[in-house]
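One is the number of the first residue; the rest follow in order along the sequence. A quick note: this is a predicted structure, and the numbers were derived from the prediction, not measured.
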Amino acid sequence: MDIVIRPATPGEHAELGEITAQAYLGDGLLDFGESDTYLGELRDVGERAAAAEVLVAVADGTLLGGVTFVPGPGPMADIAEPGEAEMRMLAVSPAHRGRGAGEALVRACADRARALSRTRMVLSTQRTMHSAHRVYERLGFTRAPGRDWNPLPELDDIMLLVYELTL
């Protein structure tokens, strides 16, 4: 199966939004389940695409997953500093995992960051995303614990881990 990575089309936004939402829900990554406010952001691919680049992984006409590539600081960046690009909301449909789509999406983001002469690619991840951590580490990302952060400071137990890749 050949996986193609390309920009998402507007006609794919709803499907990718649902793939992303269901991946996060199914993996137990939303602390408040169906009532988590982040669920709306995961589903709103159109809003992401207006402020960043949304890439999809496709094989044999099937949408496998996607990621948001943020070229630098701006409205979609959580942690990117000047000279850095950021990757957000990586998700692969559970039915299509284990085929290399996630890794291909991460590689595509790193390639885009290099093409833009960024010095580093950064991302935030939850502590429980162990399989994603293995992919990041296999591709050369390292932990940057000094940059770990809490997106909801009013809740003590939510901490996102930061990984970075020097380009």
Undergrad: For the pair T68 (side chain) and M89 (backbone), establish whether a donor and an acceptor sit closer than 3.5 Å, ignoring hydrogens and angles.
TA: no
Undergrad: Measuring from D27:CG to Q22:CD, what's the distance to the nearest 0.5 Å?
TA: 10.5 Å
Undergrad: Rounded to the nearest 0.5 Å, how far apart are CG of L29 and CG of L39?
TA: 11.5 Å
Undergrad: Could you tell me which non-hydrogen atom of F141 sits nearest to which non-hydrogen atom of M121, and how far apart they are?
TA: CE2-O, 3.8 Å
Undergrad: By salt bridge (charged side-chain N to carboxylate O under 4.0 Å, His left out), which residues pair with E84, not counting sequence neighbours?
TA: R120, R147
Undergrad: According to side-chain hydrogen bond (donor to acceptor under 3.5 Å, both in side chains), who are the partners of R138, at least two apart in sequence or on a separate chain?
TA: E103
Undergrad: Indicate the atoms forming the closest heavy-atom contact of L167 with A110, along with that distance.
TA: CD2-O, 4.3 Å
Undergrad: Has the side chain of R143 got a donor or acceptor atom that lies under 3.5 Å from a matching backbone atom of V162?
TA: yes
Undergrad: Please check if the number of heavy atoms outside Q126 that lie under 6.0 Å from its CD is greater than 12.
TA: yes
Undergrad: Roughly how far apart are D60 CG and D2 CG, rounded to 0.5 Å?
TA: 8.0 Å
Undergrad: Could you pull out all residues at least two apart from R43 that satisfy salt bridge (charged side-chain N to carboxylate O under 4.0 Å, His left out)?
TA: E18
Undergrad: Does any pair with a residue in residues 103-133 pass ring pair (Phe, Tyr, Trp, His ring centres under 6.0 Å), and if so which ones, sequence neighbours excluded?
TA: H130-H133, H133-Y163
Undergrad: Judged by atom type as modelled, is there a donor-acceptor pair below 3.5 Å linking the side chain of R48 to the main-chain atoms of M76?
TA: no
Undergrad: So which of D111, L55, L64, V67 actually passes side chain to side chain contact (heavy atoms under 4.5 Å, CB included) with I5?
TA: L55
Undergrad: Would you name the heavy atoms of A104 and I3 that are closest together and state the gap between them?
TA: CB-CG2, 4.4 Å
Undergrad: So, taking the atom named OG in S93 and the one named CZ in R99, what distance separates them when rounded to the nearest 0.5 Å?
TA: 8.5 Å
Undergrad: What about L161 and L165, same hydrophobic cluster or not, with Ile/Leu/Val/Met/Phe/Trp/Tyr joined at side-chain heavy-atom distances under 4.5 Å?
TA: no
Undergrad: Please confirm whether the backbone N or O of P71 pairs with a side-chain atom of E53, one donor and one acceptor, at under 3.5 Å?
TA: no
Undergrad: Applying side-chain hydrogen bond (donor to acceptor under 3.5 Å, both in side chains), can you list everything that pairs with T9, at least two apart in sequence or on another chain?
TA: E12
Undergrad: Would you find a donor on one side and an acceptor on the other, under 3.5 Å apart, between the side chain of E86 and the backbone of A80?
TA: yes
Undergrad: Taking all non-hydrogen atoms of both residues into account, name the closest pair between F69 and A52 and its distance.
TA: O-CB, 3.4 Å
Undergrad: At what distance, to the nearest 0.5 angstrom, does CZ of R107 lie from SG of C109?
TA: 12.5 Å
Undergrad: Tell me the closest heavy-atom pair linking H13 and G46, and the distance in Å.
TA: ND1-CA, 3.4 Å
Undergrad: Assess the residue pair D78 and L160 against the criterion (side chain to side chain contact (heavy atoms under 4.5 Å, CB included)); give the C-alpha distance rounded to whole Å, side-chain angles, the decisive distance to 0.1 Å, and a yes or no.
TA: CA-CA 11 Å; D78 280 333; L160 296 178; 5.7 Å; no
Undergrad: Check the pair Y136, M87 against side chain to side chain contact (heavy atoms under 4.5 Å, CB included), reporting the backbone distance first and the verdict last.
TA: CA-CA 11 Å; Y136 304 144; M87 186 181 80; 3.7 Å; yes
Undergrad: Report the hydrophobic cluster partners of I19, with the cluster defined as I, L, V, M, F, W, Y residues connected by side-chain heavy atoms closer than 4.5 angstrom, directly or transitively.
TA: L16, V45, V54, V56, V58, L63
Undergrad: Let me confirm one number: the CG-CG distance from L30 to L42, rounded to the nearest 0.5 Å.
TA: 6.0 Å
Undergrad: Please name the pair of heavy atoms, one in V92 and one in R97, separated by the smallest distance, quoted to 0.1 Å.
TA: O-NE, 3.0 Å
